[in-house]
Amino acid sequence: MFIASWNVNSIRARLDRLLRWLEVHRPDVMCLQEVKVTDAEFPAEPLREAGYFAEVYGQKTYNGVTILSRSELTDVERGFPGDSSDTQARLIAATARGVRFISAYVPNGGAVGSDAYQYKLEWLNQLRRYLEPHRSGSPGLVLCGDLNIAPDTLDVAKPEQWEGTVLYNQEVRAEFAALLALGFIDTVRRHRPEGGQYSWWDYRQLSFPRNDGLRIDHILVAGGLADLCTDAGIDRDARKGPRPSDHAPVWAIFQDS
DNA sequence: ATGGTTGCTTAGCAA
């Protein structure tokens, strides 16, 4: 099984790139974030023609998360169960091939100390509570997405410049560590322990050509599936060329059990 | 120095 996760920063602006990536890599399951369309505007037809079922939790202008799968998706959940107060479409879960997949777009947080940052911390706390009862499920649980956290100094090209920002500070690193403490493994960390693998580069200040990046997009796996992960990485090439997303896809491979 | 770029929507927000 080959899976991937990509913050596409608008699925309408990125549809050609997405279809090309699906055609070349043919992931069995792909989680998307920041699709930035309502369910009605979601381009289900070209994706169906490309061989993918799609489950969408859409929103106009902002956010929006999706799970694509070559096999059928069942038991779809949108948002945190029982939370009617959160109007932002940032979480969708579905089952494919007997595995529970979650596509998450964690709030960026704006600036440390802002209301947006408080919302980020509360959202991460809610995510942790949501994951707790699922974590040891068989055969496994996969949390994919833009978690907006760089977990380690190895995941930041210029750690001294980024220390203390919403993407890289002690508080959010502790939140990431708390996710791992639930029993998740960080697939890219496990298979690329040397670091220097980034998934996001700011559009500004020539960040990409300077490789001033951070690894903030992740595939975390819990349960029996974790031991079946044979490789994982980030497709930096997908950030190249005209009109890229500011994020690159993260991928992981699992031995079929 | 609080800049710069992109997307959505069309002046301003979010990232």
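- Here dT2(B) presents its P atom at 13 Å from CD of Gln205(A), a figure rounded to the nearest Å.
- Judged as a salt bridge (Lys or Arg N to Asp or Glu O under 4.0 Å), and not counting sequence neighbours, Asp227(A) has no contacts.
- Applying the side chain to side chain donor-acceptor pair (under 3.5 Å) criterion to Arg14(A), with sequence neighbours excluded, gives no partner residue.
- In this view, Trp251(A) satisfies the side chain to side chain donor-acceptor pair (under 3.5 Å) rule with no residue, not counting sequence neighbours.
- Of all the residues in residues 208-217 of chain A, not one reaches under 4.0 Å from DNA chain B with any non-hydrogen atom.
- Between dG4(B) and dA14(B), the distance separating the two C1' atoms is 15 Å to the nearest Å.
- Listed by first then second residue, pairs satisfying salt bridge (charged side-chain N to carboxylate O under 4.0 Å, His left out) with a partner in residues 149-166 of chain A read Asp155(A)-Arg189(A), Asp155(A)-Arg215(A), Glu163(A)-Arg173(A), not counting sequence neighbours.
- Within the structure, salt bridge (charged side-chain N to carboxylate O under 4.0 Å, His left out) contacts touching residues 82-107 of chain A (residues at least two apart or in different chains) are Asp28(A)-Arg97(A), Glu77(A)-Arg100(A), Arg97(A)-Asp256(A).
- Taking atom CH2 of residue Trp201(A) and atom C1' of nucleotide dT6(B), one finds them 16 Å apart after rounding to whole Å.
- Comparing the P positions of dT9(B) and dA15(B) gives an interatomic distance of 15 Å, to the nearest angstrom.
- Atom pair Arg243(A):CZ and dT6(B):P shows a separation of 9 Å (rounding to whole Å applied).
- Atom-to-atom, CD of Gln161(A) to P of dG3(B) comes out at 18 Å; the value is rounded to the nearest Å.
- The pair Asp212(A)-Arg210(A) fails the salt-bridge criterion, with no side-chain N (NZ, NE, NH1 or NH2) lying under 4.0 Å from an Asp/Glu carboxylate O.
- The main-chain N or O of Arg70(A) is never found under 3.5 Å from a side-chain atom of Arg26(A) such that the two would form a donor-acceptor pair.
- Rounded to a whole angstrom, the distance from the P atom of dT2(B) to that of dA11(B) is 25 Å.
- The ring pair (Phe, Tyr, Trp, His ring centres under 6.0 Å) check on Phe176(A) picks up His218(A), with sequence neighbours excluded.
- Straight-line distance between the C1' atoms of dA1(B) and dC13(B): roughly 23 Å, to the nearest whole Å.
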What are the atom names and distances for every N/O pair under 3.5 Å that joins the protein to nucleotides 11-15 of chain B?
residue : atom : partner  : partner atom : Å
dA15(B) : OP1  : Arg90(A) : NH2          : 3.3

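- For the ring pair (Phe, Tyr, Trp, His ring centres under 6.0 Å) test, residues two or more places apart in sequence or in another chain that qualify with Phe208(A) are Trp201(A).
- Contact check, Arg14(A) against dT6(B): no side-chain N or O comes under 4.0 Å of OP1 or OP2.
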